[in-house]
4 protein chains.
Amino acid sequence: MESDCTPRFLASDNTSGICPEALDYLLRANASDDLAYGNDAWTQKAADRFRRFFDYDCDVFFVFNGTAANSLTLASMGQSYHSVICHELAHIETDECGGPEFFSNGAKLLTCSGADGKLTPEGIESLVTRRRDIHYPKPRTVSLTQATEVGTVYTRDELMAIRAMADKHGLHVHMDGARFANACASLEATPAELTWQVGVDALCFSGTKNGLPMGEAVVFFNHALAEDFDYRCKQAGQLASKMRFIAAPWLGLLESGAWLRNAEHANGMARYLAEGFAALPGAELMFPAQANSVFVTLPVAVLEELRQRGWTFYTFIGAGGARFVCAWNTTQALLDRLLDDARDALSAA
Amino acid sequence: MESDCTPRFLASDNTSGICPEALDYLLRANASDDLAYGNDAWTQKAADRFRRFFDYDCDVFFVFNGTAANSLTLASMGQSYHSVICHELAHIETDECGGPEFFSNGAKLLTCSGADGKLTPEGIESLVTRRRDIHYPKPRTVSLTQATEVGTVYTRDELMAIRAMADKHGLHVHMDGARFANACASLEATPAELTWQVGVDALCFSGTKNGLPMGEAVVFFNHALAEDFDYRCKQAGQLASKMRFIAAPWLGLLESGAWLRNAEHANGMARYLAEGFAALPGAELMFPAQANSVFVTLPVAVLEELRQRGWTFYTFIGAGGARFVCAWNTTQALLDRLLDDARDALSAA
Amino acid sequence: MESDCTPRFLASDNTSGICPEALDYLLRANASDDLAYGNDAWTQKAADRFRRFFDYDCDVFFVFNGTAANSLTLASMGQSYHSVICHELAHIETDECGGPEFFSNGAKLLTCSGADGKLTPEGIESLVTRRRDIHYPKPRTVSLTQATEVGTVYTRDELMAIRAMADKHGLHVHMDGARFANACASLEATPAELTWQVGVDALCFSGTKNGLPMGEAVVFFNHALAEDFDYRCKQAGQLASKMRFIAAPWLGLLESGAWLRNAEHANGMARYLAEGFAALPGAELMFPAQANSVFVTLPVAVLEELRQRGWTFYTFIGAGGARFVCAWNTTQALLDRLLDDARDALSAA
Amino acid sequence: MESDCTPRFLASDNTSGICPEALDYLLRANASDDLAYGNDAWTQKAADRFRRFFDYDCDVFFVFNGTAANSLTLASMGQSYHSVICHELAHIETDECGGPEFFSNGAKLLTCSGADGKLTPEGIESLVTRRRDIHYPKPRTVSLTQATEVGTVYTRDELMAIRAMADKHGLHVHMDGARFANACASLEATPAELTWQVGVDALCFSGTKNGLPMGEAVVFFNHALAEDFDYRCKQAGQLASKMRFIAAPWLGLLESGAWLRNAEHANGMARYLAEGFAALPGAELMFPAQANSVFVTLPVAVLEELRQRGWTFYTFIGAGGARFVCAWNTTQALLDRLLDDARDALSAA
């Protein structure tokens with residue numbers, strides 16, 4: 001068994017650090033003092049840049065992490081006695097420790113299945129129509145994840161069909177964009193084409209997974225939902241006093257184009273890894289690798305051996321199997337070594 | 001009226017940036033990938049270092065900001081039908097937009113006055129004893145701020161007297177340490193001497209005001225209160241995925257001693273400024289400048305003139321008057337210019 | 001000291017039982033089975049009757065008690081980061097154990113003083129304007145109590161002035177009508193004249209204090225606020241399954257006119273008691289007895305002696321002193337005995 | 001098709017009114033004034049009687065309805081980041097509109113299936129062990145319904161096995177006793193034998209379904225969980241001011257023995273109805289009728305015909321099919337007519 005000190009982190013794109021462009025802007029923001037709570041120049045610039053980015057006069061708020069972004073946004077879309085429809089593998093259901101329920105003071109998540117980690121209009125409608133009495137929370141929002149938890153992407157047509165169903169039943173559409181940049185890269189679509197142009201009311205856009213140290217942007221295309229959202233963030237402990245250290249790195253990502261380069265690179269690495277696994281007898285891809293995650297089934301003994309060799313990956317996220325996630329700094333060399341180790345382990349198994 | 005581009009930020013210690021020691025460690029933490037959610041090496045090291053720092057086997061958690069730190073800690077000390085006793089000028093009452101009420105699902109803050117921004121045992125007792133029926137929230141916690149919102153500090157004797165009163169009525173003691181380092185510097189006391197040795201159950205220690213980009217440490221000396229606090233943080237959107245970017249800068253502050261140097265510097269600057277104001281006819285100090293804040297009453301026209309000249313400061317925080325706050329990077333030259341401008345304005349008034 | 005077994009309950013109008021008219025309808029509703037959850041005939045009839053009562057197409061909901069009625073209604077008027085302006089003696093502030101904060105998930109109550117237990121437009125405006133930053137909850141609602149906690153009533157002019165101030169600052173107006181019937185009787189005004197005609201958005205009308213075993217009506221004149229309020233009640237444990245046992249007694253009060261007779265009687269008894277106290281040297285009325293409560297200052301020894309003789313009354317509610325409350329079944333004989341006992345005790349003191 | 005005005009309510013046991021014994025005590029409690037908020041003589045007597053009833057020094061609280069009883073009790077057993085394990089058909093999951101999530105400020109319900117509407121130790125363990133990370137709410141409580149939502153009962157052995165599993169994983173055991181009396185009758189077991197003797201921490205005992213107008217008893221056998229529960233009820237709008245009108249009818253049920261007679265009668269009627277359906281070709285019983293509910297599958301056309309003939313019943317509660325519930329006042333004559341109508345409809349189908 002080989003032994004060296006190179007990190008073997010493929011558990012998530014949040015094991016990577018700060019990308020150079022984001023760091024550059026963070027350091028620039030540190031060059032002089034500035035006003036707190038978002039009244040600084042960087043925050044204003046970053047918010048304006050987001051409006052250019054989306055080609056839309058959207059409302060932009062910066063919060064610390066994804067659980068807060070999703071939960072606060074969902075809370076703004078309904079009341080405690082409403083419900084949120086999401087895929088059974090959605091992060092808000094499986095990995096936020098009840099955050100959406102907490103911030104909304106009790107809203108229920110209603111889950112449905114769907115191929116490739118995707119909600120369908122039919123699935124949504126079945127949840128809306130099976131109960132319509134006051135003894136059960138009233139559906140008010142559809143939450144979808146783009147790219148999905150299993151590394152696939154919704155096409156624009158799929159998004160428009162979901163919007164149509166949402167309209168039919170008076171639902172808001174929330175997009176968990178933990179890997180939104182990867183979806184744009186995968187679909188070769190503009191941010192506008194994947195959001196307001198297909199009827200998304202609000203997007204939670206993750207900077208952390210895209211190369212920031214931390215920080216997410218909540219982007220409202222539906223202005224009514226953004227009313228007093230600044231108060232909501234403040235009360236919920238999500239207003240950074242030195243906000244420029246979130247906003248400036250975001251600006252770095254957007255101005256430099258790193259947001260897209262990082263995503264393209266990560267997606268490319270995932271495709272490479274997926275192809276590698278596909279060529280390995282005994283390994284089986286579970287989903288098309290359309291973004292930066294690869295889900296593969298491997299014998300238990302092989303997973304164990306990979307862990308022994310220092311590889312980190314999850315097996316409980318998404319749909320089971322092993323999940324490997326590529327990031328802005330994942331190298332082909334690292335993936336080659338993973339594939340080598342997997343090949344070894346498979347032949348030994 | 002002079003005109004230059006030097007920033008004149010004295011509104012708060014959060015207008016300052018990242019101090020060199022914290023930045024150094026942040027960059028080191030960025031040198032390689034690491035596990036997420038606090039399973040990285042930096043977080044472990046920082047937590048251990050905190051235990052040495054306090055000379056106590058305390059439980060340490062990192063969260064994003066002060067509102068969250070205070071609110072989550074208070075929530076761990078009681079239920080929604082309990083109340084928290086605090087000074088009428090306490091940040092939790094006046095500047096957290098109902099955060100403590102939100103995170104606790106409705107706990108009420110009961111306020112009392114007290115000289116120099118400080119709670120007294122008598123004030124606490126009067127709030128506990130005036131109502132003892134189920135129609136009013138039951139007091140469960142005392143929250144005090146060290147250093148206080150008006151730039152004073154509680155002595156160890158005062159803290160012990162508060163602890164004794166808390167024991168008499170079965171109350172927990174929470175310390176909002178937004179400027180805890182400044183208090184240690186002011187009192188020339190060790191962190192242990194100002195916390196567990198005087199009966200503090202939990203401390204919310206601000207790194208942001210001490211030189212970090214963001215990040216607070218919640219430190220429990222009462223282990224029972226820390227039970228499942230990691231879940232509480234996660235659900236409430238306060239678990240950083242790339243936590244090393246909070247933990248490592250903290251480690252930088254502690255290992256380098258910058259935590260104390262920064263505080264001493266800021267306190268010294270505040271003393272300098274206070275002495276300067278004291279010598280100005282027409283300016284009157286409102287409180288002894290024991291930490292890094294200076295509160296001074298000045299004629300309205302003078303305040304207006306200072307604002308015209310670009311100075312930023314608050315007049316609604318604490319007890320009115322103008323508040324000037326010094327930080328780790330405040331220079332004597334800046335304060336001299338403020339005093340010059342104040343002198344000019346006073347003589348013109 | 002006299003000794004007999006006659007009850008001496010003047011602590012509150014909720015020590016009285018069920019008035020005959022309400023009981024009659026309760027028994028009628030028990031004559032046969034009926035649908036649950038308000039789908040019964042009685043609930044429909046009672047709601048319709050309320051619409052006639054108010055001469056308005058209002059939305060009517062029945063809940064169990066006053067804390068729930070007030071808290072749920074206030075929750076429907078704002079979000080957790082909003083605040084509610086009320087008098088410092090308001091029941092929602094002093095006697096609901098944080099209920100409004102709980103149901104709203106953290107909204108803060110902002111209190112102001114005001115003569116005779118009444119809010120003033122100036123008091124409201126001062127609370128709205130003293131803080132306008134996101135660090136403090138944003139005022140969204142004015143809550144007033146009619147009749148007030150100290151037994152006075154708002155005139156129509158006063159109510160209209162409050163509405164005008166509310167309009168100026170975009171606030172909703174909530175009326176805690178724990179003793180709304182007493183206010184109508186006192187002012188010789190119709191229910192319409194004291195609610196929607198003076199701009200009240202929603203009224204919490206207490207049946208319990210008016211002669212029911214339990215049950216309050218929440219009446220929305222502002223339809224938008226009533227959206228999905230049925231879900232809100234259900235989730236919050238305020239949907240009675242056998243709702244006809246709340247609705248039918250209400251119908252009894254309204255159809256028989258007992259609602260007004262009961263209030264007139266109670267008010268008359270309070271006037272009688274107030275006049276009696278006014279004639280006693282050593283007793284001093286604290287407020288004009290405009291509804292069914294009498295507040296009087298008496299020497300401590302006298303209060304103690306009255307308690308010894310079996311009289312129940314509160315001294316911590318409202319503004320201190322002793323509060324005596326008359327109800328639909330209070331007799332003049334009982335009040336005469338109270339006055340006799342007070343006279344005895346005063347002369348002995 | 002026959003046509004008369006006799007009610008045909010079999011939708012739930014809450015379509016029935018107040019039983020004579022409960023009404024008798026309600027009227028007695030109305031004979032004179034008494035102290036409010038549970039300080040009256042009736043409430044004290046009823047609570048004491050409950051302690052005799054359970055042969056245990058339990059803590060007893062009266063609340064208005066079942067959603068509140070269950071939700072408040074579950075809230076006392078855990079925090080917002082904890083989870084509650086229950087059967088997928090549990091009322092708390094399917095019919096309380098998110099009440100448990102609301103009162104707990106976000107606790108998640110984790111459901112599992114199980115034959116005859118019953119949780120199994122294995123099902124509980126699988127939910128506890130499948131996730132043990134902080135990204136998912138931590139299981140803290142098992143909630144079971146006795147009798148179940150589908151009219152079956154847990155045996156004492158089953159309850160003890162669940163308690164053993166709860167002990168293994170540090171879980172509290174909550175019993176939703178919406179039809180607890182029916183379970184006692186069915187199993188010919190004492191209240192003690194089905195609660196604290198098998199390790200139940202707290203029981204929510206429904207009076208409404210047993211013959212009261214409204215009102216549930218929350219009974220804690222685990223004293224620690226009852227700490228400050230009176231404050232919890234008050235804040236949550238569940239403290240009746242005229243509490244004697246809940247407590248006295250409860251006393252009537254217990255002192256007269258009606259609690260058991262009512263349950264035995266209802267169970268007997270359900271058995272009669274079940275046997276009747278069993279004899280009808282085309283009707284199929286879904287579960288053994290061990291308590292007072294009968295679930296039967298019938299052709300859609302037959303259900304429709306029954307509805308046309310005025311029968312009320314649910315088809316969406318529990319496991320589908322048609323649910324008929326018998327109550328303390330259900331007559332054999334009524335059931336005979338239902339069976340006749342069903343027979344007619346089946347032969348016509």
Side-chain angles (χ1 to χ4, degrees), chain C residues 6-9 11-18 23 26-27 29-37 40 63-72 95-99 101-103 105 206 208-209 212-214 231-246 312 327 329-330, chain D residues 6-9 11-18 23 26-27 29-37 40 63-72 95-99 101-103 105 206 208-209 212-214 231-246 312 327 329-330:
Chain C
T6 314
R8 290 175 176 75
F9 294 117
S12 180
D13 26 12
N14 56 31
T15 58
S16 297
I18 313 169
L23 185 57
L26 187 151
L27 296 176
N30 196 40
S32 64
D33 288 11
D34 210 334
L35 290 173
Y37 301 116
D40 62 282
V63 299
F64 292 112
N65 75 1
T67 295
N70 284 330
S71 299
L72 289 170
D95 289 283
E96 297 186 351
C97 198
E101 292 91 337
F102 174 75
F103 284 93
N105 201 20
S206 175
T208 312
K209 292 188 164 71
L212 298 193
M214 68 196 66
Y231 283 86
R232 190 183 287 275
C233 291
K234 166 67 193 180
Q235 181 181 44
Q238 293 290 330
L239 179 67
S241 62
K242 299 184 179 178
M243 195 184 278
R244 68 190 192 275
F245 295 122
I246 293 180
T312 67
N329 65 339
T330 302
Chain D
T6 313
R8 291 175 175 76
F9 294 117
S12 180
D13 25 15
N14 55 31
T15 57
S16 296
I18 313 170
L23 185 57
L26 186 151
L27 295 176
N30 197 39
S32 64
D33 287 11
D34 209 334
L35 291 175
Y37 301 116
D40 61 283
V63 299
F64 292 111
N65 75 1
T67 295
N70 284 330
S71 298
L72 289 170
D95 287 285
E96 297 187 350
C97 197
E101 292 91 337
F102 175 75
F103 283 93
N105 201 19
S206 175
T208 311
K209 292 188 162 72
L212 298 192
M214 67 196 66
Y231 283 84
R232 191 184 287 276
C233 291
K234 167 66 192 181
Q235 182 181 45
Q238 292 290 330
L239 179 67
S241 64
K242 299 184 178 178
M243 195 184 277
R244 66 190 192 276
F245 296 122
I246 292 180
T312 67
N329 65 340
T330 303

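Here the structure is a predicted model, which means the values were calculated and not measured. Chain letters run A, B, ... following the sequence lines, proteins first and then strands; every chain starts at 1. All heavy atoms count here, side chains included; hydrogens, waters and symmetry mates do not.
- Using a 4.5 Å cut-off between heavy atoms, A236(D) contacts chain C through both its backbone and its side chain.
- In this structure, no portion of A11(C) lies under 4.5 Å from any heavy atom of chain D.
- Judged as a side-chain contact (heavy atoms from CB on, under 4.5 Å), and not counting sequence neighbours, the contacts of K209(C) are S12(C), D13(C), N14(C), A178(C), R179(C), S206(C).
- The minimum heavy-atom distance linking Q235(C) with F103(D) is given by the pair O-CE1, 3.5 Å.
- If you measure heavy-atom distances from Q238(D) to chain C, the contacts under 4.5 Å come from both the backbone and the side chain.
- Heavy-atom distances place the side chain of N105(C), and not its backbone, under 4.5 Å from chain D.
- Under the side-chain contact (heavy atoms from CB on, under 4.5 Å) criterion, S16(D) pairs with D33(C), A327(D), W328(D), N329(D), not counting sequence neighbours.
- Not one N or O on the side chain of K242(C) forms a donor-acceptor pair closer than 3.5 Å with the backbone of I18(D).
- Taking T312(D), N70(D), V63(D), T15(D) one by one and counting their heavy-atom pairs under 4.5 Å with chain C, the maximum is reached by T15(D).
- Heavy atoms closer than 4.5 Å to chain D are found nowhere in L72(C), neither backbone nor side chain.
- Only the side chain of L26(D) comes within contact range of chain C, with at least one heavy atom under 4.5 Å from a heavy atom of that chain.
- Contact detail for C97(C) and K234(D): the closest heavy-atom pair is CB-CG, 3.5 Å.
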